[in-house]
Amino acid sequence: LTPQPERVPEAAPAALAGARVLVVGTSPSQLESLLPRLTSWGVRHHVVPDRAAVPSSVQRAQAEADPFTAVVVDLGTGAVVARTRLVTAP
């Protein structure tokens, strides 16, 4: 194997600063690399162990008037990032 140069993370867009992200079901090793990166970008994050915890976390964030901007979900083969859009019943 040929040694690969260490990847330097790209700077995050300024729009991420202050964003609130819900991180769902990510393994401890992935959290170890993801959370410091999010923090360095100025992203506020909340971690839940699985999808079952998502509804109550989203409801709590809504009640606090501090909704999540995005959700990071680990599907086992890699993370998927989705922007959130809060939909409420009339």
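The residues of the chain are indexed from 1 along the displayed sequence.
Partners of T39 according to the side-chain hydrogen bond (donor to acceptor under 3.5 Å, both in side chains) rule, which considers only residues two or more places apart in sequence or in another chain, are H45. Residues satisfying the salt bridge (Lys or Arg N to Asp or Glu O under 4.0 Å) criterion with E64, sequence neighbours excluded, are R20. With sequence neighbours excluded, the residues forming a salt bridge (Lys or Arg N to Asp or Glu O under 4.0 Å) with R44 are D66, listed by chain and number.
For the residue pair A53 and P49, the shortest heavy atom distance occurs at CB-CD, 4.3 Å. Pairing each heavy atom of F68 with each of A61, the nearest pair is CE1-CB, 3.6 Å. Shown here for P55 and A52, the closest heavy-atom pair between the two residues is CD-O, 3.5 Å.
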Under the criterion side chain to side chain contact (heavy atoms under 4.5 Å, CB included), I'd like the reasoning laid out for L22 against V72: C-alpha separation, chi angles, the key distance, then a yes or no. CA-CA 6 Å; L22 181 61; V72 177; over 6 Å; no

Intermediate values then yes/no, side chain to side chain contact (heavy atoms under 4.5 Å, CB included), D50 and V24: CA-CA 6 Å; D50 53 40; V24 183; 5.6 Å; no

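Side-chain contact check for L38 versus V23: some heavy-atom pair is nearer than 4.5 Å. Taking 4.5 Å as the limit, every side-chain heavy atom of V71 sits out of range of all side-chain heavy atoms of V21.
Rounding to the nearest 0.5 Å gives a distance of 13.0 Å between CD of E32 and CZ of R37.
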